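Before any comments, here is the structure.
In this chain, numbering begins with 1 at the start of the sequence shown. Here the structure is a predicted model, which is why all the values come from computation and not from measurement.
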Amino acid sequence: QVQLVESGGGMVQAGGSLRLSCTFSRSVGNYAMGWFRQAPGKEREFVAAINWSGHNTYYSDSAKGRFTCSSDNAKSTMYLTMDTLKHEDTAVYYCVASRSGTSFTDIVQAPPVNLNWGQGTQVTVSS
């Protein structure tokens with residue numbers, strides 16, 4: 001089972017930027033990857049997905065236009081660059097990798113058990 005480790009979280013003022021990294025213990029092969037987040041008192045929600053080549057991405061409405069998901073397969077690392085952050089972006093961010101799927105639906109619609117999860121990294125945006 002592949003291990004995922006997030007880094008790059010922290011505290012930033014509204015309007016600022018952060019870049020999260022997710023390092024995989026080994027290549028995830030052809031499987032899709034992505035990011036979820038969970039704010040206090042709210043359900044976990046999808047943020048972004050990327051296919052294994054890094055050429056195709058998919059975003060939630062709240063992330064579209066502000067967040068960029070990218071990957072560097074040579075480094076077995078995925079990134080989430082977040083710009084124009086808002087207070088409502090405050091959450092624990094989790095990176096994920098599909099256990100068997102290659103498409104965005106294998107991230108967006110997958111039951112949690114079908115994904116490998118990182119431990120999460122806290123992002124706090126002060127207003």
- Would you check if Val12 and Ser126 make a side-chain contact, meaning some heavy-atom pair closer than 4.5 Å? no

- Minimum side-chain heavy-atom gap Tyr31-Val2 below 4.5 Å: no

- Task: Please tell me if the side chains of Phe36 and Ile107 come closer than 4.5 Å, counting only heavy atoms from C-beta onward.
- Result: yes

- Task: Using a strict cut-off of less than 4.0 Å between a Lys/Arg side-chain nitrogen and an Asp/Glu carboxylate oxygen, indicate whether Lys64 and Asp61 qualify as a salt bridge.
- Result: yes

- Task: Give a yes or no answer on whether the side chain of His87 reaches the backbone of Val125 with a donor-acceptor pair at less than 3.5 Å.
- Result: yes

- Side chain Gln38, main chain Glu45, donor-acceptor under 3.5 Å: no

- Indicate whether any N or O donor in one side chain lies under 3.5 Å from an N or O acceptor in the other, for Thr77 and Asp72. no

- Query: When hydrophobic residues are tied together by side-chain contacts of less than 4.5 Å, even through go-betweens, does Tyr94 share a cluster with Val5?
  - Reply: no

- Message: Testing the 3.5 Å rule here: is there a donor-acceptor pair between the side chains of Arg19 and Tyr79?
- Response: no

- Message: Run the side-chain contact (heavy atoms from CB on, under 4.5 Å) test on Met82 and Asp89 for me, step by step, so that the C-alpha distance in whole Å, both residues' side-chain angles and the decisive distance to 0.1 Å come before the verdict.
- Response: CA-CA 9 Å; Met82 304 183 292; Asp89 293 319; 6.0 Å; no

- Item | For the student: nearest non-hydrogen atoms of Asn51 and Thr102, plus distance | CB-O, 4.2 Å

- Query: When hydrophobic residues are tied together by side-chain contacts of less than 4.5 Å, even through go-betweens, does Val47 share a cluster with Val92?
  - Reply: no

- Consider only side-chain heavy atoms of I, L, V, M, F, W and Y, link residues closer than 4.5 Å, and tell whether Leu80 and Leu18 are in one cluster. yes

- Any sub-3.5 Å donor-acceptor pair from Glu6's side-chain atoms to Thr121's backbone N or O? no

- Is there a donor-acceptor pair closer than 3.5 Å between any side-chain N or O of Asp106 and the backbone N or O of Ser103? yes

- Message: Please determine whether residues Tyr59 and Val108 belong to a single hydrophobic cluster, defined as Ile, Leu, Val, Met, Phe, Trp and Tyr linked transitively by side-chain heavy-atom distances below 4.5 Å.
- Response: no

- Message: Any side-chain to backbone donor/acceptor pair from Arg26 onto Gln3? Under 3.5 Å, distance only.
- Response: no

- Message: So Arg44 and Pro112, do their side chains get closer than 4.5 Å, heavy atoms only?
- Response: yes

- Flag, side chain of Thr90 to backbone of Thr124, donor-acceptor distance under 3.5 Å: no

- Spell out, as yes or no, whether a donor-acceptor pair under 3.5 Å connects the side chain of Asp83 to the backbone of Ser17. no

- Query: Would a distance-only check, ignoring hydrogens and angles, find a side-chain to backbone donor-acceptor pair under 3.5 Å from Arg66 to Thr84?
  - Reply: yes

- Side chain proximity check, Lys75 to Ser21, heavy atoms < 4.5 angstrom: no

- Item | Pairwise side-chain contact, Phe24 with Met33, heavy-atom cut-off 4.5 Å (strictly under) | yes

- Query: Between Phe46 and Trp35, does the ring centre distance come in under 6.0 Å?
  - Reply: no

- Looking only at atom types and distance, does a side-chain atom of Ser71 sit under 3.5 Å from a main-chain N or O of Asn73, one as donor and one as acceptor? no

- Give the intermediate values and the outcome of side-chain contact (heavy atoms from CB on, under 4.5 Å) for residues Met78 and Cys69. CA-CA 7 Å; Met78 177 178 60; Cys69 186; 4.0 Å; yes

